[in-house]
2 protein chains.
Amino acid sequence: MDTDTNKEEAIEVLQQLGLKEYEARCFVGLTRLNTGTAKKLSELTEVPRTRIYDAIRVLEAQGLVEIQHSSPQQFRAVSLDEATATLRDQYEERVDRLHDALTTVETIDDDDESSIQEVWTLSGQDAIENRTEQLIEAASDEIVLVIGDESLLTADLVETLTGVDDDIEVIVGALTPSLQAEIQAAVPAATTFVSGLEWLHGETDTEDDTSIGRLLLVDRASILVSSIRPESKDEQAVFGEGFGNGFVVIARRLMAQGLLPIRDPNT
Amino acid sequence: MDTDTNKEEAIEVLQQLGLKEYEARCFVGLTRLNTGTAKKLSELTEVPRTRIYDAIRVLEAQGLVEIQHSSPQQFRAVSLDEATATLRDQYEERVDRLHDALTTVETIDDDDESSIQEVWTLSGQDAIENRTEQLIEAASDEIVLVIGDESLLTADLVETLTGVDDDIEVIVGALTPSLQAEIQAAVPAATTFVSGLEWLHGETDTEDDTSIGRLLLVDRASILVSSIRPESKDEQAVFGEGFGNGFVVIARRLMAQGLLPIRDPNT
DNA sequence: GTTTTTTGTGATTAATCGGGTGACAATACT
DNA sequence: AGTATTGTCACCCGATTAATCACAAAAAAC
């Protein structure tokens with residue numbers, strides 16, 4: 001049962017990694033068979049026999065399958081560790097090449113109207129986490145971070161938080177006392193608190209079941225707020241920059257009204 | 001000029017990483033523009049303006065682009081570091097999911113005829129390097145390795161070689177004295193030599209311009225030989241296992257005849 | 001040695017996907 | 001008001017991919 005859904009999962013992920021359906025099926029089939037011929041593979045994976053050969057050739061070229069050139073040919077998947085290592089290597093290479101290529105692409109200096117009212121949206125947990133870390137690393141005075149879901153407290157984030165300069169005030173809030181304790185333990189240098197932001201949950205729209213993800217305010221000049229749809233695990237963020245940015249101003253007003261436990265020196 | 005080929009390279013790599021052509025073009029376009037509208041992007045990238053929106057939405061969902069929901073909408077690429085970090089994260093997650101899914105897929109125990117004459121082929125530099133390291137790590141007595149091209153002496157390989165047990169004899173050959181010196185410096189525990197295998201170059205087939213890549217013999221029971229097409233950088237390997245394997249026997253005979261500078265205890 | 005099955009290649013069809021274009025209403029600019 | 005811009009849809013077409021068939025070479029069975 002479960003092994004069957006895992007099989008499907010593996011096929012799906014392999015396709016996300018760039019393989020075609022037949023190729024993915026063949027590879028998963030071969031990981032279950034120590035060694036197999038086109039016929040056996042075809043029966044097991046329900047890939048038309050005559051197309052097994054094409055699929056295997058592609059897999060072989062990618063370094064995921066070995067071929068024994070006998071008659072009939074025998075196919076064999078490389079070990080799981082070898083396969084994942086090879087895939088990892090491939091993607092590392094590609095990302096590196098991308099990085100190299102783009103660093104040397106000249107940017108077009110454009111009529112750069114950095115409107116002070118910019119509010120940008122950003123999607124995806126990975127991207128938002130990277131942006132969060134980027135902002136934290138750029139802080140010079142104060143970091144206020146509220147974490148709404150324990151799944152967001154990743155090792156990377158903890159590492160980034162512990163790596164900030166001593167003279168930067170780090171204030172981290174959580175929605176629950178247990179999460180607060182966890183944060184305090186992981187980041188001793190931080191001041192932690194339990195946030196009074198529960199009201200952000202089911203707000204006015206009752207049908208919209210999004211819960212708060214993170215809230216980050218850096219140097220009172222940049223803010224990032226994210227929400228999570230619990231079902232799809234999809235995280236979406238809004239992000240504003242600049243001391244005069246309306247969005248940022250609202251966040252400061254919130255703080256001034258004591259919804260976040262920080263004194264605003266301006267009041 | 002050069003920045004143009006880099007642009008092309010970036011677009012190509014992004015497609016290898018799973019983006020569609022329009023998406024790749026848009027992302028590269030946005031990295032050159034601090035911020036852009038659909039129209040400007042369309043002019044710069046030659047993507048039809050009406051299709052910019054689709055492409056951007058996909059990019060936004062992947063966390064590579066930010067959107068400012070004004071009118072007209074403004075688009076902005078996340079910083080290069082954020083982009084590569086996000087891509088890396090995504091692929092790590094996928095490879096991990098693949099690993100998890102496949103470890104729990106039950107293998108079908110099959111009439112396992114481990115013929116002693118098996119000779120398998122394997123392609124791709126990454127895959128062959130992984131297999132090389134795998135074999136080295138599994139060695140119990142002796143490792144004989146001949147490296148035919150300095151590009152194959154990667155940091156990973158050096159690490160693997162230095163990590164073997166002390167009681168394993170490590171013999172590494174190179175095709176040139178300079179490469180030998182490099183190896184000896186990187187792996188002090190190894191016995192190095194200059195190989196007498198140059199004859200393997202243009203062998204009988206004169207039209208076939210493949211040069212030797214690596215030759216690995218582990219415990220005199222497993223052998224891997226690879227060749228490289230200098231043009232395409234494509235590495236191909238043959239691999240045999242088992243003391244009685246005909247391929248392995250040939251390799252031992254070669255050694256016995258002094259082509260490799262190791263005494264065969266059987267003679 | 002002949003028949004029968006298996007094996008590998010190639011060509012062919014059908015469906016899907018991605019690149020490319022135009023119509024059109026809503027919105028912003030003059 | 002009028003003009004240009006912007007965003008959404010619907011559509012077309014070429015390329016890719018899933019799926020099937022025809023067939024010759026090779027094994028296997030008899």
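Side chains included, hydrogens not; waters and symmetry mates left out as well; all remaining heavy atoms used. First the proteins, then the strands, lettered A, B, ... as listed; each starts at 1.
Across the protein-nucleic acid pair, A:Ile56 atom CD1 and C:dT9 atom C1' stand 16 Å apart, rounded to whole Å. At whole-Å resolution of the value, NZ in A:Lys39 and C1' in C:dT7 are 10 Å apart. Here D:dA4 presents its P atom at 21 Å from NZ of B:Lys40, a figure rounded to the nearest Å. In this structure, A:Gln74 places its CD atom 15 Å from C1' of C:dG8, rounding to the nearest Å. Counting to the nearest Å, the P atom of C:dA14 and the CZ atom of A:Arg51 are 16 Å from each other. When rounded to the nearest whole Å, the span between CD of B:Glu23 and P of C:dC17 equals 14 Å. Here the P atom of nucleotide C:dG8 and the CD1 atom of A:Ile67 are 10 Å apart, to the nearest Å. Following rounding to the nearest Å, B:Lys20 (NZ) and C:dC17 (P) show an atom-to-atom distance of 10 Å.
With hydrogens and angles left out, the side chain of A:Thr50 and the base of C:dG8 share no donor-acceptor pair within 3.5 Å.
In terms of phosphate contacts, B:Tyr53 brings a side-chain nitrogen or oxygen within less than 4.0 Å of OP1 or OP2 of D:dG7.
Nucleic acid contact class of B:Arg57 (heavy atoms, under 4.0 Å, all strands): sugar-phosphate only. Among the heavy atoms of the strands lying under 4.0 Å from B:Pro48 is at least one base atom, whether or not backbone atoms are also near. Residue contacts shown for A:Thr37 are absent, as no nucleic acid heavy atom lies under 4.0 Å away.
A salt bridge links A:Glu92 to B:Arg88: one of the charged nitrogens lies within less than 4.0 Å of a carboxylate oxygen. A salt bridge links B:Arg25 to B:Glu21: at least one charged side-chain nitrogen sits closer than 4.0 Å to a carboxylate oxygen. We find that A:Arg214 and A:Glu235 are joined by a salt bridge, their nearest charged nitrogen and carboxylate oxygen being less than 4.0 Å apart.
Comparing C:dT7, D:dT6, D:dA19 by their closest approach to the side chain of B:Arg49 singles out D:dT6. Nearest nucleotide to the side chain of B:Ala38, out of C:dG8, C:dG19, D:dG7: D:dG7.
Heavy-atom nearest nucleotides on DNA chain D were determined for A:Ser71 and for B:Gln73, and the one closer to the 5' end corresponds to B:Gln73.
Stacking of B:Arg94 on the aromatic ring of B:Tyr91 is recorded, both the 6.0 Å distance cut-off and the 45° axial limit being met.
With rounding to the nearest 0.5 angstrom, the CD atom of A:Glu129 is 3.5 Å from the OG1 atom of A:Thr154.
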